[in-house]
Protein chains: 2
Amino acid sequence: MPPPALHNAVLDAVGRAITSGDVAPGTPLTLESIGTQHHVSRTVAREVMRMLEGLGLVRSRRRVGLVVLPREEWNVLDPRVIRWRLAGPGRDEQLRTLTELRHAVEPLAAAGAARHASAAERAELVDLAARMRVLGSRGDLTDFLALDVRMHELLLRASGNEMFGALAVVVAEVLAGRTHLGLMPASPVPEALDQHEAVAHAVAAGDAPAAEAAMAALVGEVRRALDTATPAEETP
Amino acid sequence: MPPPALHNAVLDAVGRAITSGDVAPGTPLTLESIGTQHHVSRTVAREVMRMLEGLGLVRSRRRVGLVVLPREEWNVLDPRVIRWRLAGPGRDEQLRTLTELRHAVEPLAAAGAARHASAAERAELVDLAARMRVLGSRGDLTDFLALDVRMHELLLRASGNEMFGALAVVVAEVLAGRTHLGLMPASPVPEALDQHEAVAHAVAAGDAPAAEAAMAALVGEVRRALDTATPAEETP
DNA sequence: GGCAAGCCATTGGTGTGACCAATTGCGGCC
DNA sequence: GGCCGCAATTGGTCACACCAATGGCTTGCC
């Protein structure tokens with residue numbers, strides 16, 4: 001692995017500070033302040049600024065500095081932003097909105113996969129579901145997570161729509177976050193295992209409607225689990 | 001308006017070259033080659049590189065240069081990437097996949113808006129739909145586009161889910177691309193106007209299922225129009 | 001006393017040159 | 001022939017210098 005680059009460390013620090021709310025929107029930063037606070041040169045501060053700008057976290061304005069943008073401007077679908085926010089306050093809200101996005105996308109993606117997946121992809125899906133069942137009976141969360149991520153990524157990428165494929169990193173981040181933050185049961189509930197198998201077999205059989213329904217049920221289960229875990233704060 | 005920054009011009013040029021396929025994945029660029037080809041200093045080339053890296057178009061490796069990544073790694077949901085690709089080859093495929101994404105997301109977003117939108121947002125939606133009908137009877141495409149974009153953006157942002165809101169820029173880019181590329185009828189079809197009004201009124205009335213259905217019909221209409229315009233190239 | 005025009009400090013934008021460090025590929029040595 | 005090590009290449013970082021907007025402050029006029 002490449003040694004952790006300097007600008008990445010600074011980017012992480014500043015990105016976390018902004019997404020966590022420690023630095024309020026409207027606050028003006030300057031290249032010099034970033035440089036001195038993190039003991040880096042203007043060059044590095046400048047590159048960090050460009051990356052933050054690309055993430056929609058700041059906007060650079062002459063004579064003013066780097067203005068922190070309101071949350072509506074953030075690229076909340078970028079994996080880095082998701083990771084930062086999952087580690088900060090508002091974690092529950094984050095998981096709720098991302099799960100709702102999954103609810104919108106993954107059923108259609110499963111239907112697409114049932115139509116477009118290659119033979120190898122169909123076989124791997126069935127294999128993954130079977131291995132998840134085996135691992136699920138034990139309590140190995142990290143290995144189970146890897147299979148879970150792989151399965152959803154495979155479904156999204158095999159959907160025949162690269163826009164869905166681009167959301168694979170989002171789903172992976174959500175699954176990883178849910179596990180690492182201790183929001184997963186010690187042992188997967190049997191329903192989840194059943195539903196994963198149902199999706200895999202429907203896709204393998206090329207049954208798009210069944211795949212869509214099975215995936216909808218799966219994500220719906222996750223939504224319900226989140227709703228009960230986190231008392232809903234409705235804004236009527 | 002701020003004067004077009006130098007690095008943005010270079011970013012645009014290189015980004016277009018990569019997304020259009022003129023520079024194949026795996027091709028190694030160097031900071032120096034970028035600098036000399038576009039007559040900019042290493043500083044600017046470096047910032048361009050960081051932005052391209054943020055878009056997932058390249059990965060920088062020492063002693064190798066900037067390796068162009070395969071399409072699966074691209075941030076295909078980033079507005080800049082979308083704009084570049086809509087202007088290059090594969091425009092039809094791009095519109096198809098983005099429309100399918102809209103098909104997944106916008107109905108759920110409309111349902112969310114029916115539940116969470118503020119009074120002002122509901123009023124603006126109804127007003128927008130009415131003005132679209134007025135403008136639609138004439139042939140003013142650019143003004144109509146502005147209303148169309150505003151309405152979909154409003155729906156996505158009022159959905160109560162910021163992930164949907166983040167896709168507003170995507171939808172705006174699609175609508176703008178469809179219009180600017182001459183893929184819109186000279187005068188909007190009456191069905192589209194009806195459906196926009198149906199969505200607006202359902203949201204205003206707080207009828208989430210009706211809003212979801214109306215939006216599904218609207219996007220479905222778009223998909224059908226695209227399918228007939230572009231003979232489907234199925235991969236059975 | 002209020003308001004408008006113009007000056008000027010601040011800050012990002014760009015260029016230059018230097019040196020460091022990782023990585024790869026070649027060539028020599030065993 | 002294979003392995004080890006050296007060296008060239010290239011991104012990573014730094015320091016310095018100058019340009020160009022731009023927002024605030026000051027000045028001067030009405």
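Keep in mind the model is a prediction, meaning the values are calculated, not measured.
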Has [X] got a side-chain N or O lying under 4.0 Å from the OP1 or OP2 atom of [N]?
{"X": "R46(A)", "N": "dG12(C)", "result": "no"}
{"X": "R50(A)", "N": "dG13(C)", "result": "yes"}
{"X": "S60(A)", "N": "dG13(C)", "result": "yes"}

Can you give me the closest heavy-atom contact between [X] and [Y], atom names plus distance?
{"X": "V105(A)", "Y": "A104(B)", "result": "CA-CB, 4.2 Å"}
{"X": "P89(A)", "Y": "S20(A)", "result": "CG-O, 3.5 Å"}
{"X": "V64(B)", "Y": "P28(B)", "result": "O-CB, 4.0 Å"}

Rounded distance [0.5 Å steps], CG in L52(B) versus CG in L57(B):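 Between L52(B) CG and L57(B) CG, I get 5.5 Å after rounding to 0.5 Å.
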
Under 3.5 Å: donor-acceptor pair, side chain of R122(B), backbone of A114(B): yes

Residue pairs, two or more places apart or on separate chains, that pass side chain to side chain donor-acceptor pair (under 3.5 Å) and touch residues 25-35 of chain A: T30(A)-S33(A)

Aromatic contact, H152(A) with H196(A) (centres under 6.0 Å):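 Centroid distance H152(A)-H196(A): below 6.0 Å, so yes.
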
Using atom [atom1] of [X] as one end and atom [atom2] of [N] as the other, report the distance to the nearest whole Å.
{"X": "N8(B)", "N": "dG12(C)", "atom1": "CG", "atom2": "C1'", "answer": "14 Å"}
{"X": "H39(B)", "N": "dT14(C)", "atom1": "NE2", "atom2": "P", "answer": "16 Å"}
{"X": "R62(A)", "N": "dA20(D)", "atom1": "CZ", "atom2": "P", "answer": "9 Å"}
{"X": "E53(A)", "N": "dG13(C)", "atom1": "CD", "atom2": "C1'", "answer": "12 Å"}
{"X": "L31(A)", "N": "dC16(D)", "atom1": "CG", "atom2": "C1'", "answer": "15 Å"}
{"X": "L66(A)", "N": "dT10(C)", "atom1": "CG", "atom2": "P", "answer": "18 Å"}
{"X": "E47(B)", "N": "dT14(C)", "atom1": "CD", "atom2": "C1'", "answer": "9 Å"}
{"X": "I34(B)", "N": "dT14(C)", "atom1": "CD1", "atom2": "C1'", "answer": "16 Å"}

Any N/O donor-acceptor pair, [X] side-chain to [N] base, under 3.5 Å:
{"X": "R61(A)", "N": "dT10(C)", "answer": "no"}
{"X": "R42(A)", "N": "dG13(C)", "answer": "yes"}
{"X": "T43(B)", "N": "dG15(C)", "answer": "yes"}

R16(A) atom CZ, neighbour heavy-atom count above 12 within 6.0 Å: yes

Please list, for nucleotides 6-8 of chain D, all pairs of protein and nucleotide N/O atoms separated by less than 3.5 Å.
residue	atom	partner	partner atom	Å
dA8(D)	N3	R63(B)	NH1	2.7

Nucleotide of [options] approaching [X] most closely (side-chain heavy atoms):
{"X": "S41(B)", "options": "dG12(C), dT16(C), dT13(D)", "result": "dT16(C)"}
{"X": "V64(B)", "options": "dC14(D), dT14(C), dT24(C)", "result": "dT24(C)"}
{"X": "V44(A)", "options": "dT14(C), dT13(D), dT23(C)", "result": "dT13(D)"}

Touch class at under 4.0 angstrom, heavy-atom based, for R59(A) against every strand present: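 If one applies the 4.0 Å heavy-atom cut-off, R59(A) turns out to touch nothing in the nucleic acid.
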
